[in-house]
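Heavy-atom basis, side chains included; hydrogens, waters and symmetry copies ignored. As the structure lists them, so they are numbered: ligands from 1, and atoms in each ligand from 1. Numbers here simply count residues along the sequence, with the first being 1.
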Amino acid sequence: EEEVMHCAGCGVELQMEEPGQLGYVPVEAFQKEPVICQRCYRIKHYNEASSMTLDQDDFLKLLGKVGQKKALVVNIVDIFDFEGSMISGLARFVGTNPILLVVNKIDLLPKTVNPNKIVNWVQRQVKEHGLRVIEIVLCSVRKNIGFDRVIEAVQRHRQGRDVYVVGATNVGKSTLINRLIADYSDLEAELTTSQYPGTTLDLVKIPLDDGRFIIDTPGIVYKHRMTEIVTKRDLAKIMPDRTLKPMVFQLNDAQTLFFGALARFDFIKGDHQSFTCYLSSAIQIHRTKLERADDLYRDHRGELLTPPRLEDLDELPPLVKHPIRVSKGRKLDVLISGLGWIKVNSESGADLAVYAPKGVKVISRESLI
Ligand code: GDP
């Protein structure tokens, strides 16, 4: 008969099979008493929080509980995948609590971009999403840009309340949390985890000086983002690690661009015009004739067209076609969630099609840059 053991720290069911997953404990650690999971171990001994994840339904349940308390909700989103990293239904679930929107990874935007314009753009998108936010702060947690403004805005808006940090996965939430831990926690104040009623997930709590806490919530996994469906190896490739270099392509109609074997962009009909691609420099862009595109994909994906490599291709859902018509004089971005976007500035209009793995969000939006 197998006995189920629970972590003495957070109460989660312990397991020895899957490192990196909830409740993992290495075999050696099982000898010690009390037994705590690796995650609690790291928090206890290194003051380091690692990211936990939840799917949409469980996440919204958790958010609903946040809505019943008085709290400041800090929502962190990724400027590289703004629409993909927005939490749908957030407004409904946090109730009357104020939302501070932290827009991370602005280090990826070209230096020439005016931050005020970005804030205005974000403001318009947020409004379109039906979300009301108390303030928008741009930052780069990794490059330490604007982090002071984040701290200052949190202090200004929390007014004696707990702070809940929410966000999709891969937006930089754990980087932010660990930064906060480094800045806030002193030797006396110990990080704790506490089990959230009604869920099996424990939350990391960073004590504040007035007895309140900054509470980290699990990252929400959105399968409509390319970042959540590719292998670890490819994730490192599709997430840009430095400032985006716009790649301009002058295309005639009936031409196609392949982004590795991950996506495809067809310029079907229209006058000769330019298209600007904003994506990781680790993605190879391959240009071909539209009439050759199907054959090229069939015969050369995973080789000439990479990432993914051939051995990882089976895991990628089949590409699905999204037709896009750009009317005369329109400026827009075609966003492939998690992969990047193509800026279209069409004086004479264009018929386009984007192919992306099934389930990955493809949208057109007002140009960011
Ligand atoms: P989480 O899943 O939201 O907890 O995200 P992580 O903190 O693990 O970060 C996900 C990825 O985004 C990592 O590769 C980070 O290095 C990267 N990242 C985090 N913050 C920034 C940032 O400010 N700029 C850039 N370019 N990358 C960042």
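Of the listed options P218, A236, G219, S174, S174 places a heavy atom closest to atom 4 (O) of ligand 1. Considering only non-hydrogen atoms, atom 28 (C) of ligand 1 lies nearest to K105 out of K105, R179, K143, R242.
Contact atoms of ligand 1 toward N104: 20 (N), 21 (C), 22 (C), 23 (O) (distance under 4.0 Å to a heavy atom of the residue). Counting the atoms of ligand 1 from 1 in the order shown, those under 4.0 Å from a heavy atom of K173 are 1 (P), 3 (O), 4 (O), 5 (O), 7 (O). Against a heavy-atom cut-off of under 4.0 Å, T175 is close to the following atoms of ligand 1: 6 (P), 7 (O), 9 (O), 19 (C). The atoms of ligand 1 that sit less than 4.0 Å from any heavy atom of V141 are 23 (O). Each of the atoms 22 (C), 23 (O), 24 (N) of ligand 1 lies under 4.0 Å from some heavy atom of S140. Taking every heavy atom of M239 and a limit of under 4.0 angstrom, the matching atoms of ligand 1 come to 11 (C), 14 (O). Short contacts between ligand 1 and A168, defined as distances under 4.0 Å to a heavy atom of the residue, involve ligand atoms 3 (O). Near N170, with a cut-off below 4.0 Å to any heavy atom, the atoms of ligand 1 are 1 (P), 2 (O), 3 (O), 5 (O), 10 (C).
Salt bridge annotation for E135-R156: present, with a cationic side-chain nitrogen under 4.0 angstrom from a carboxylate oxygen.
A distance-only check finds a donor-acceptor pair linking the side chain of R142 to the backbone of D241 [under 3.5 Å]. No donor-acceptor distance shorter than 3.5 angstrom exists from the side chain of S337 to the backbone of V360, with no hydrogens or angles considered. A donor-acceptor contact shorter than 3.5 Å links the side chain of T217 to the backbone of V165.
Annotation: G172 places an N or O atom under 3.5 Å from an N or O atom of ligand 1; distance criterion only. Of the N or O atoms in T169, none lie within a sub-3.5 Å distance of an N or O in ligand 1. Where the criterion is an N or O separation shorter than 3.5 Å, residue side chain and backbone included, C139 fails it with respect to ligand 1.
Other residues sharing the hydrophobic cluster of L290, ordered by chain and number and joined by side-chain separations under 4.5 Å: I268.
Linking Ile, Leu, Val, Met, Phe, Trp and Tyr residues whenever their side-chain heavy atoms come within less than 4.5 Å places L296 and Y355 in a single cluster. Linking Ile, Leu, Val, Met, Phe, Trp and Tyr whenever their side-chain heavy atoms come within less than 4.5 Å puts V122 and I145 in one cluster.
At a 4.0 Å heavy-atom cut-off, ligand 1 touches D107 through the side chain alone. When heavy-atom distances to ligand 1 are checked against a 4.0 Å cut-off, D241 has no atom that comes that close, whether in backbone or side chain.
Remark: R287 fails to qualify as a cation-pi partner of F249 under the 6.0 Å distance and 45° angle criteria applied to the six-membered ring.
Within 6.0 Å of atom CZ in R161, more than 12 heavy atoms from other residues, nucleotides or ligands are found, so the atom counts as buried in its surroundings.
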Only pairs under 3.5 Å count here: list side-chain donor-acceptor contacts from residues 84-108, not counting sequence neighbours, and write none if there are none.
from : atom 1 : to   : atom 2 : distance (Å)
S85  : OG     : D78  : N      : 3.0
S85  : OG     : D81  : O      : 2.9
S85  : OG     : F82  : O      : 3.3
N97  : OD1    : A71  : N      : 3.0
N97  : ND2    : V66  : O      : 3.2
N97  : ND2    : K69  : O      : 2.8
N97  : ND2    : V94  : O      : 3.3
N104 : OD1    : V141 : N      : 2.9
N104 : ND2    : V171 : O      : 2.8
K105 : NZ     : D78  : OD2    : 3.3
K105 : NZ     : N170 : O      : 2.8
D107 : OD1    : S140 : OG     : 2.8

